[in-house]
Number of protein chains: 2
Amino acid sequence: MGSESRCENCIIRQFNSLRAMSKEELKKVSDSKVVKKVKKGEAIFEEGDKLNGVFCVRDGVSKLSKLSSNGKDQIVKLASKGEVMGQRSVISEESANLSAVAVNDMQLCYIPKEVIVDSLHKNPDFTLEVLRHMANDLREADDVIVNISQKTVKQRIAEAFIYLKTNFGEDKEGYLLLVLSREDIANVVGTATESCIRIISEFKKKGLLKSSGKRLGIIDEKKLRDLAEGF
Amino acid sequence: MGSESRCENCIIRQFNSLRAMSKEELKKVSDSKVVKKVKKGEAIFEEGDKLNGVFCVRDGVSKLSKLSSNGKDQIVKLASKGEVMGQRSVISEESANLSAVAVNDMQLCYIPKEVIVDSLHKNPDFTLEVLRHMANDLREADDVIVNISQKTVKQRIAEAFIYLKTNFGEDKEGYLLLVLSREDIANVVGTATESCIRIISEFKKKGLLKSSGKRLGIIDEKKLRDLAEGF
DNA sequence: AAATATATATGATATTTGTCAGCTTTTCAA
DNA sequence: TTGAAAAGCTGACAAATATCATATATATTT
């Protein structure tokens, strides 16, 4: 087994709360973890599932969404390299409130909850680190609430593109690295797919966005930002 | 000083994360805390303030809201007896992302952050308890996101009344104990005040709600629930 | 009690957004 | 490669919601 498959040596850990674990704790995690490969479109877990562990994203992106009573999915968060999914459910000892589906091919480390829960009780540094991450998620969620209820669909779509660029980057040609379908973008923004398509078309016509195949790229970031702010 | 003014004896503590504190920790908290009285409409802290402590609600209700770029307030949470406000900012070492304003006359205990931060580093039981509360807030925030983006204003207002009844109760005459202005209800739901008033009027005409002065009461809870679910 | 301010109410209208239908393009597997 | 399925696109229309104007009721101050 290569040394990079040991959590102690995993660079990704630096980005999440596992960095606050001791050598011994990491050894336990590493010994009990299972590496999983998930293909684009496959589910990692579903709303209502009892999670017996958490998933640490090694590669790829997952959408965390919740089905509303009218049958539409609302994407609440996009989790990428370094993020830990399922923590909330394990901590609350509740079943998952969100579904996780792979947006592209993914590599995950599945860590059984026992070792996590054990550290939560014994290592305050780790617990505090998890708490800090959750505090950050909560602030982001509050921001999303304000945006969805106070901004127009056009503003939110403009904002979504800025978000995709700053969080997932773009290639040398200026296309967003994270490729989402129009439906997924609509589900992030909380609007109908057709409305989303219409506005993206409008942005293309106005020279704010460009597209090539299913890839989308930002041409005029400043104008998009202004739009998102309501100018 | 009456013994009920000592945190060790405070019943309210049973509802929040302070219950996981040791006797000694509570003694420290009690010695450093300051009781504050805030009148209806007064601000406790504002978005952007640096918080040097947290506020434990002893009595009354506070609205936690965020100003959007279009100048409207979005109420993200209503905090009542037992809840601790400002935790998130203290944990993240960031300035407040929300404003807190008293909805009615309030009594608060202000606890300097040092004693909280100290316990967060030393007492994993306490940290875990705070984490559990925050995990719960996060789940609630996710639910709000889905509701706001997928339900109609009418559904959300129906839901808001169910929420107000289950969380704050009603008097013997069947009026909600927590009295909110139509504007506040609109800001909880994320809609224009006029739209909110219109729908409340409609609900009154249909015999779902009743009003007397500024008090509002639920007449037909079942129909309200059905409405909220989209029937 | 009168005067003023604030909250609630309602109509008319404009804007935004969703829905349905049909069409074109792309993707993917047989 | 070719044909089915999925994704993207666009128009027409309907529904939901916001905005503006104005009226009335309620609360607050003088």
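Excluded from the calculations below are hydrogen atoms, water molecules and symmetry mates; all remaining heavy atoms, backbone and side chain alike, are included. So you know, we letter chains A, B, ... as the sequences are listed, proteins then strands, and number each from 1.
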K.L.:
Please name all residues satisfying side-chain hydrogen bond (donor to acceptor under 3.5 Å, both in side chains) with A:Ser62, sequence neighbours left out, ordered by chain then number.
P.N.:
none
K.L.:
In Å, rounded to the nearest 0.5 Å, how long is the span from CD of A:Gln155 to CD1 of A:Ile199?
P.N.:
10.5 Å
K.L.:
Side chains of residues 185-193 of chain B: which donor-acceptor partners sit under 3.5 Å, not counting sequence neighbours?
P.N.:
none

K.L.:
Considering only nitrogen or oxygen atoms on both sides, find all protein atoms under 3.5 Å from nucleotides 5-9 of chain C and state each distance.
P.N.:
unit_1, atom_1, unit_2, atom_2, d
C:dT8, OP2, B:Arg182, N, 3.2
C:dA9, OP1, B:Lys204, NZ, 2.7
C:dA9, OP2, B:Arg182, NH1, 2.4

K.L.:
Kindly state each residue pair satisfying salt bridge (charged side-chain N to carboxylate O under 4.0 Å, His left out) with at least one member in residues 176-185 of chain B, sequence neighbours excluded.
P.N.:
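As it turns out, the salt bridge (charged side-chain N to carboxylate O under 4.0 Å, His left out) pairs with a partner in residues 176-185 of chain B, which skip direct neighbours, are B:Lys63-B:Asp184.
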K.L.:
Mind checking what makes side-chain hydrogen bond (donor to acceptor under 3.5 Å, both in side chains) contact with B:Lys113, not counting sequence neighbours?
P.N.:
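With neighbours one apart ignored, the set is empty.
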K.L.:
Which atom pairs link the protein and nucleotides 16-18 of chain C when you take only N or O atoms and keep those under 3.5 Å?
P.N.:
unit_1, atom_1, unit_2, atom_2, d
C:dT17, OP1, A:Val153, N, 2.9
C:dG18, OP2, A:Thr191, OG1, 2.5
C:dG18, OP2, A:Ala192, N, 3.3
C:dG18, OP2, A:Ser195, OG, 2.9

K.L.:
Once side-chain hydrogen bond (donor to acceptor under 3.5 Å, both in side chains) is applied, do any residues pair with B:Glu47, and if so which ones, sequence neighbours excluded?
P.N.:
none
K.L.:
Applying ring-ring contact (aromatic ring centres under 6.0 Å, His included) as the test, list every pair that has at least one member in residues 67-97 of chain A; sequence neighbours left out.
P.N.:
none
K.L.:
Would you please name every residue forming a side-chain hydrogen bond (donor to acceptor under 3.5 Å, both in side chains) with B:Asp226, sequence neighbours left out?
P.N.:
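Counting only residues at least two positions away or on another chain, B:Asp226 forms a side-chain hydrogen bond (donor to acceptor under 3.5 Å, both in side chains) with B:Lys222.
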K.L.:
Quick one: salt bridge (charged side-chain N to carboxylate O under 4.0 Å, His left out) pairs with a partner in residues 95-110 of chain B, sequence neighbours left out?
P.N.:
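For residues 95-110 of chain B: none.
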K.L.:
Can you tell me the distance, in whole Å, between the CG atom of A:Leu216 and the C1' atom of D:dG8?
P.N.:
11 Å
K.L.:
Show every ring-ring contact (aromatic ring centres under 6.0 Å, His included) that has at least one partner inside residues 50-103 of chain A, sequence neighbours left out.
P.N.:
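Residue pairs with at least one partner in residues 50-103 of chain A: A:Phe45-A:Phe55, A:Phe55-A:Tyr110.
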K.L.:
To the nearest Å, give me how far apart CZ (B:Arg215) and P (D:dA27) are.
P.N.:
11 Å
K.L.:
Determine which bases of DNA chain C form Watson-Crick or G-U wobble pairs with both distances under 3.5 Å, and write the result as a 5' to 3' dot-bracket string with | for other-strand partners.
P.N.:
||||||||||||||||||||||||||||||
K.L.:
Round to a whole Å and report the spacing from CZ of A:Phe203 to C1' of D:dG8.
P.N.:
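Spelled out: CZ on A:Phe203 to C1' on D:dG8 is 17 Å.
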